[in-house]
Amino acid sequence: MTQVRTRFAPSPTGFMHLGGVRTALYNYLFAKKMGGKFILRIEDTDQERFVEGATEVIYDTLKACGMNWDEGPDVGGDYGPYVQSERKSLYLPYAQELVKKGAAYYCFCTKEELDERRSAAEARGEVFKYDKHCLRLSQEEIQRKLDAGVPYVIRLNCPTEGESSYDDVVFGHIAFPNSDLDDMVLIKQDGMPTYNFANVIDDHLMGITHVMRGMEYLSSTPKYNLLYNAFGWEIPQYIHLTTVMRDAQHKLSKRDGDAYYSDFISKGYLTEALINYLALVGWNPGTDQEFFTMDELIDAFDIHRLNNSPGIFDVTKLDWMNSQYVARMDADKYLEMAKPWFDRELAGKNIDYRRLAELMQSRTDIFSRIPEKIRFLAELPDYDTAIFFNKKQKSDESVAREVLPLLLPVLEGIGEWTEQNIHDTVMVAIPTWGKKNGQVLWPMRIAISGQESTPGGAFEIAYLLGREETLRRIGVALEKLGR
RNA sequence: GCCUCCAUUGUCUAGAGGCCUAGGACGCCGCCCUCUCAAGGCGGAAACAUGGGUUCGAAUCCCAUUGGGGGUGCCA
């Protein structure tokens with residue numbers, strides 16, 4: 001049995017889209033699962049779309065995700081080069097071979113006149129299909145134009161009758177009428193191969209056994225097979241992947257805001273969570289397990305469990321999954337990652353980050369939401385004293401007016417300002433005032449935080465704030481309460 | 001328009017003719033825990049798009065309808 005070889009073949013046109021990350025992931029998982037090779041190939045045949053630095057983004061993203069390619073532009077391999085623009089000279093001879101075999105032909109029609117005919121056809125509500133005009137040119141005429149240096153493209157000569165079909169691993173048997181096949185361009189006027197052509201040539205030359213890619217190629221695959229057959233090459237296994245959607249009718253795209261890997265990372269998502277979640281949109285292990293390390297994914301992965309209906313990317317579930325990863329993080333690691341986010345609000349303030357981290361870890365879904373949750377520590381929000389009311393805690397403004405002044409001397413009298421000391425001292429005092437815990441702790445927490453819900457209770461917050469600020473805030477509360 | 005693919009709760013999905021009075025997860029709701037919010041524990045509501053077949057029996061097979069996706073480029 002030949003070794004499995006898969007490939008991820010992105011175009012360096014910008015950032016790494018999450019759909020692309022998922023495609024790369026499935027290719028990687030399958031190759032590793034089968035003990036095969038995962039190849040990275042850069043498809044930059046469209047020079048107009050080339051974006052500086054985009055290749056590096058691809059490298060960095062794949063690396064960050066732990067998808068290490070066995071062969072590629074930077075690491076090399078036996079089938080290089082792995083950048084299509086560097087392979088440019090290699091494609092034309094293959095196209096010429098096809099011409100010789102009658103499977104392809106030179107076409108001298110200009111882009112402009114084709115565009116015109118295309119829009120005219122569209123205006124009539126018809127599908128434009130190249131009419132094989134240049135296929136009827138005589139050998140002499142072709143040679144004359146070639147010699148005269150008339151610009152040309154090379155087109156595939158598709159059959160017009162019958163049916164083309166193939167078997168896809170996820171979609172099963174797929175058939176298309178040949179009458180719909182358009183004679184696609186193989187070599188562009190600039191001498192560069194089209195994606196359609198370079199892709200087939202390279203997949204074959206690089207020994208790709210399984211082609212895993214987006215389902216937008218589902219309908220052009222018969223034409224690729226025509227190419228393989230014309231050359232007498234073995235057709236690879238096709239595994240077409242469904243689209244990752246934003247909602248039922250739109251795919252996840254940059255226009256929707258955040259579809260790039262980097263967007264999610266800068267928002268404070270963990271790569272592991274993102275990968276884990278992405279793996280599950282369109283694939284499932286057949287068990288109830290939903291948390292996977294990369295190694296576990298490799299172990300569980302099975303192309304036969306790939307889904308054939310599009311999946312919506314549910315950020316809410318991603319958030320939950322991310323929060324689970326955050327919760328399981330090592331405390332030191334969490335502190336390290338949270339610190340920059342703490343700093344956004346608390347830089348320069350004398351706050352115990354370690355303790356804050358302990359309180360925040362179970363309350364963090366994505367890191368970018370930390371600042372809003374801890375802002376009150378930096379600055380007491382303006383609040384309505386109505387929030388001193390809490391039915392369940394039997395607290396209201398008058399209870400606050402009564403209890404807060406009592407608290408002041410008690411807090412002042414605490415020796416070392418530790419959470420334990422604050423807790424013990426206040427808990428001892430509460431019964432002596434004839435109050436319920438909630439009647440003291442609710443007003444206290446409201447007074448020092450200025451908000452109804454906080455990460456942590458009164459003792460934790462008082463500790464973080466420090467004695468001075470705690471007392472000051474209680475003073476502010478008493479003023480607000482008119483005392 | 002033409003070609004083609006898809007169709008289970010709001011979402012990701014399990015389900016490959018009887019195991020389904022449809023399972024799991026997110027979200028939602030309730031309860032417990034609790035000085036709030038989280039976390040955690042427990043419980044609940046929520047789906048086989050529609051219509052025809054096939055079959056003793058259909059979420060599972062076939063057809064149509066509807067809805068949605070993709071393709072229809074000298075883009076990839």
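By convention in this document, chain letters (A, B, ...) are assigned in the order of the sequence lines, proteins followed by strands, and residues within each chain are numbered from 1.
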Compute the centroid of each ring, for [X] and then for [Y], and state whether the two points are separated by less than 6.0 Å.
X      : Y      : answer
A/Y166 : A/F171 : no
A/W320 : A/Y277 : no
A/W283 : A/F301 : yes

- request: State the CG-OH distance between A/L297 and A/Y26, to the nearest 0.5 angstrom.
  value: 9.0 Å
Can you tell me if [X] touches the phosphate of [N], counting only side-chain N or O atoms and a distance under 4.0 Å to OP1 or OP2?
X      : N      : result
A/K392 : B/rU34 : no
A/Q393 : B/rU36 : yes
A/N284 : B/rG24 : no
A/R22  : B/rC12 : no
A/T45  : B/rA76 : yes
A/K436 : B/rU34 : no

State which of [options] makes the closest approach to the side chain of [X].
X      : options                : value
A/R363 : B/rC37, B/rC75, B/rU34 : B/rC37
A/D180 : B/rG69, B/rC3, B/rU36  : B/rC3
A/Q324 : B/rG40, B/rG1, B/rG27  : B/rG40
A/Q249 : B/rC26, B/rG68, B/rG71 : B/rG68
A/I312 : B/rA76, B/rC12, B/rA38 : B/rC12
A/L218 : B/rA39, B/rC12, B/rC5  : B/rC5
A/W442 : B/rG69, B/rC35, B/rA38 : B/rC35
A/I174 : B/rA76, B/rC74, B/rC5  : B/rC5
A/N437 : B/rC26, B/rC74, B/rC35 : B/rC35
A/D314 : B/rG10, B/rA14, B/rU4  : B/rG10

When we call it a touch if two heavy atoms are under 4.0 Å apart, what does [X] touch: a base, just sugar-phosphate, or nothing?
X      : value
A/A175 : sugar-phosphate
A/F459 : base
A/N307 : sugar-phosphate
A/V281 : sugar-phosphate
A/G311 : sugar-phosphate
A/A458 : base
A/G286 : nothing

query: In the structure shown, which nucleotide is the Watson-Crick or G-U wobble counterpart of B/rA7, with both distances under 3.5 Å?
result: B/rU66
query: In the strands shown, is B/rG1 matched to any nucleotide by a Watson-Crick or G-U wobble pair with both distances under 3.5 Å, and which?
result: B/rU72
message: Quick one: does any side-chain atom of A/N437 pair with a main-chain N or O of A/M427 as donor and acceptor, under 3.5 Å?
response: no
message: Any carboxylate oxygen within less than 4.0 angstrom of a Lys/Arg side-chain nitrogen, looking at A/K88 and A/D44?
response: no
Expressed as a whole number of angstroms, how long is the span from [X]:[atom1] to [N]:[atom2]?
X      : N      : atom1 : atom2 : value
A/R213 : B/rA76 : CZ    : P     : 13 Å
A/K317 : B/rU9  : NZ    : P     : 15 Å
A/H240 : B/rU4  : NE2   : C1'   : 12 Å
A/Y277 : B/rG27 : OH    : P     : 12 Å
A/L441 : B/rC37 : CG    : C1'   : 15 Å
A/L114 : B/rC74 : CG    : P     : 7 Å
A/Y217 : B/rU72 : OH    : P     : 10 Å
A/F197 : B/rA76 : CZ    : C1'   : 16 Å

task: Please determine which of A/M215, A/R213, A/R22 meets the side-chain contact (heavy atoms from CB on, under 4.5 Å) test together with A/L241.
output: A/R22
- request: Would you name the heavy atoms of A/V440 and A/V426 that are closest together and state the gap between them?
  value: CG1-CG1, 4.4 Å
query: Going by modelled atom types, is there a donor-acceptor pair between the base of B/rU36 and the side chain of A/T454 at under 3.5 Å?
result: yes
